[in-house]
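Please read the structure below before turning to the comments.
Residues: numbered from 1 along the sequence shown. All values reported here derive from a predicted model rather than from experimental measurement.
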Amino acid sequence: MAFYGVELTSRLMLGTARYPSPAILIEAIKASGTEVVTVSLRRQMIGQQGGAMGAGQAFWSMIRELGVRVLPNTAGCNSVKEAVTTAQMARDVFATSWIKLEVIGEDDTLQPDVFGLVEAARILVSEGFQVFPYTTEDLVVADRLLTAGCEVLMPWGAPIGSGKGLNNVFGLRALRAHFPDVPLVVDAGIGLPSHAAQAMELGFDAVLLNTAVAQSGNPVAMAQAFAKALEAGRLARLADPMEPRDMAAPSTPTIGKAVLGEQT
């Protein structure tokens with residue numbers, strides 16, 4: 001699997017927010033086997049006021065020591081200008097041209113503003129960014145993002161942090177069918193390892209999640225569970241699973257079965 005020419009082994013991308021402690025975050029990242037973590041610029045800047053090193057710089061140092069790639073995001077941005085400015089700052093702070101682009105259009109569902117998203121993507125691509133757009137499963141929007149220069153699409157499974165899984169399987173399946181050669185990552189709404197396995201079975205290339213691990217009772221164990229679920233789902237996809245049937249089909253042949261005669 002490759003994103004913008006970078007080969008990756010793990011198909012799990014992990015967020016870094018809302019963990020009980022930095023120590024648990026580190027252990028969860030290690031247990032997951034992930035090679036990519038998302039980081040919010042706002043999270044990085046926390047605690048840097050007053051001239052001290054700050055919690056943000058300490059956090060960034062901790063992430064660098066893990067040796068994983070960082071995917072900064074524009075979480076919480078509600079306009080094109082805000083998202084573009086945040087991306088520009090993130091490139092300076094994290095020294096990467098990768099950016100997970102979020103332009104939020106509705107506060108209750110955190111649904112992407114797809115019009116602003118396409119505009120922001122076009123601007124950032126022109127500035128040399130490699131954009132990972134958080135989008136919906138809409139085929140027209142996907143086409144516009146690809147035309148704008150995005151080489152990866154990250155459709156939501158369900159609203160961020162909801163844990164509902166894949167709300168629109170038909171739409172996600174259609175997205176995979178229409179863009180067979182584009183790296184697709186299910187981003188947001190994943191709550192259980194079975195949801196991640198389902199995404200793999202649909203043919204998606206990776207899953208990005210945060211809350212399902214960070215807010216579980218045991219983030220380290222849950223990170224391991226997701227890693228194994230992704231592997232199982234991918235293997236199932238490659239094994240060409242059977243199609244569902246409307247009628248029963250016996251697994252044991254009826255030909256040659258024993259016939260009981262009358263007893264005398």
Considering residues at least two apart in sequence or located in another chain, which fulfil the salt bridge (charged side-chain N to carboxylate O under 4.0 Å, His left out) criterion with E102?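 Here the qualifying residues are K100.
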
Please check if V207 and L71 belong to a single hydrophobic cluster, counting links between Ile, Leu, Val, Met, Phe, Trp and Tyr side chain heavy atoms closer than 4.5 Å.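 As far as the 4.5 Å side-chain criterion goes, L71 and V207 are connected within one cluster.
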
Following the transitive rule for hydrophobic clusters with a side-chain heavy-atom cut-off under 4.5 Å over Ile, Leu, Val, Met, Phe, Trp and Tyr, establish whether L166 and L208 coincide in one cluster.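 Cluster IDs for L166 and L208 match.
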
Only pairs under 3.5 Å count here: list side-chain donor-acceptor contacts from residues 242-249, not counting sequence neighbours, and write none if there are none.
none

Among residues two or more places apart or on two chains, list those pairs meeting ring-ring contact (aromatic ring centres under 6.0 Å, His included) that have a residue in residues 157-187.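 Non-adjacent pairs meeting ring-ring contact (aromatic ring centres under 6.0 Å, His included): zero.
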
[atom1]-[atom2] distance between [X] and [Y], expressed to the nearest 0.5 angstrom:
X	Y	atom1	atom2	answer
D181	L146	CG	CG	11.0 Å
L184	L172	CG	CG	9.0 Å
L25	I63	CG	CD1	5.0 Å
K30	L66	NZ	CG	6.5 Å

Could you list the residues that satisfy side-chain contact (heavy atoms from CB on, under 4.5 Å) with [X], not counting sequence neighbours?
X	value
A223	A28, A31, S32, V213
A227	none
P22	M62
A206	M1, F3, R11, M13, V185

Any chance you could lay out the side-chain contact (heavy atoms from CB on, under 4.5 Å) test for I190 and F226, step after step, and finish with the verdict? CA-CA 10 Å; I190 297 295; F226 271 104; 3.5 Å; yes

Verify, without hydrogens or angle tests, whether [X] (side chain) and [Y] (backbone) share a donor-acceptor contact under 3.5 angstrom.
X	Y	value
Y134	V103	no
S162	A158	no
T74	C77	no
E35	S10	yes

Output the rest of the hydrophobic cluster of L192: all Ile, Leu, Val, Met, Phe, Trp and Tyr residues reachable through side-chain heavy-atom contacts under 4.5 Å, sorted by chain and number.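 Cluster partners of L192: none, it stands alone.
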
Could you list who else is in V140's hydrophobic cluster, with ILVMFWY side chains joined at under 4.5 Å, directly or through other members?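 Members alongside V140: none; it stands by itself.
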
Checking I99 against F129 for the side-chain contact (heavy atoms from CB on, under 4.5 Å) test, could you report, in this order, the C-alpha distance in whole Å, the side-chain angles of both residues, the deciding distance, and whether it holds? CA-CA 7 Å; I99 190 74; F129 282 89; 3.9 Å; yes

For Q215, is the CD atom crowded, meaning more than 12 foreign heavy atoms sit under 6.0 Å from it?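 Result for CD/Q215: enclosed.
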
Heavy atoms from other residues, nucleotides or ligands near CZ of R144 exceed 12 (cutoff 6.0 Å):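 Result for CZ/R144: open.
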
Derivation of the side-chain contact (heavy atoms from CB on, under 4.5 Å) call for V68 and V36: CA-CA 6 Å; V68 295; V36 178; over 6 Å; no

So which of L139, V182, V141, N168 actually passes side-chain contact (heavy atoms from CB on, under 4.5 Å) with L175?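 Running side-chain contact (heavy atoms from CB on, under 4.5 Å) over L139, V182, V141, N168 with L175 returns exactly one hit, L139.
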
Residues 109-128 side chain polar contacts: donor-acceptor under 3.5 Å, at least two apart:
residue: T109; atom: OG1; partner: E106; partner atom: OE1; Å: 2.9
residue: T109; atom: OG1; partner: Q111; partner atom: N; Å: 3.3
residue: D113; atom: OD1; partner: F115; partner atom: N; Å: 3.2
residue: D113; atom: OD1; partner: G116; partner atom: N; Å: 3.1
residue: S126; atom: OG; partner: I123; partner atom: O; Å: 2.5
residue: E127; atom: OE1; partner: Q88; partner atom: NE2; Å: 3.0
residue: E127; atom: OE2; partner: Q88; partner atom: NE2; Å: 3.3

Results of side-chain hydrogen bond (donor to acceptor under 3.5 Å, both in side chains) for Q130 - residues two or more places apart only: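 Once residues adjacent in sequence are excluded, the partners of Q130 under the side-chain hydrogen bond (donor to acceptor under 3.5 Å, both in side chains) criterion are S97, W98.
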
What verdict does the side-chain contact (heavy atoms from CB on, under 4.5 Å) test give for L209 and L12, after you've listed the backbone C-alpha separation in whole Å, the side-chain angles of each residue and the deciding distance to 0.1 Å? CA-CA 8 Å; L209 56 92; L12 176 60; 3.9 Å; yes

Sequence neighbours excluded - side-chain hydrogen bond (donor to acceptor under 3.5 Å, both in side chains) pairs with any residue from residues 188-212: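 Residue pairs with at least one partner in residues 188-212: R176-D205.
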
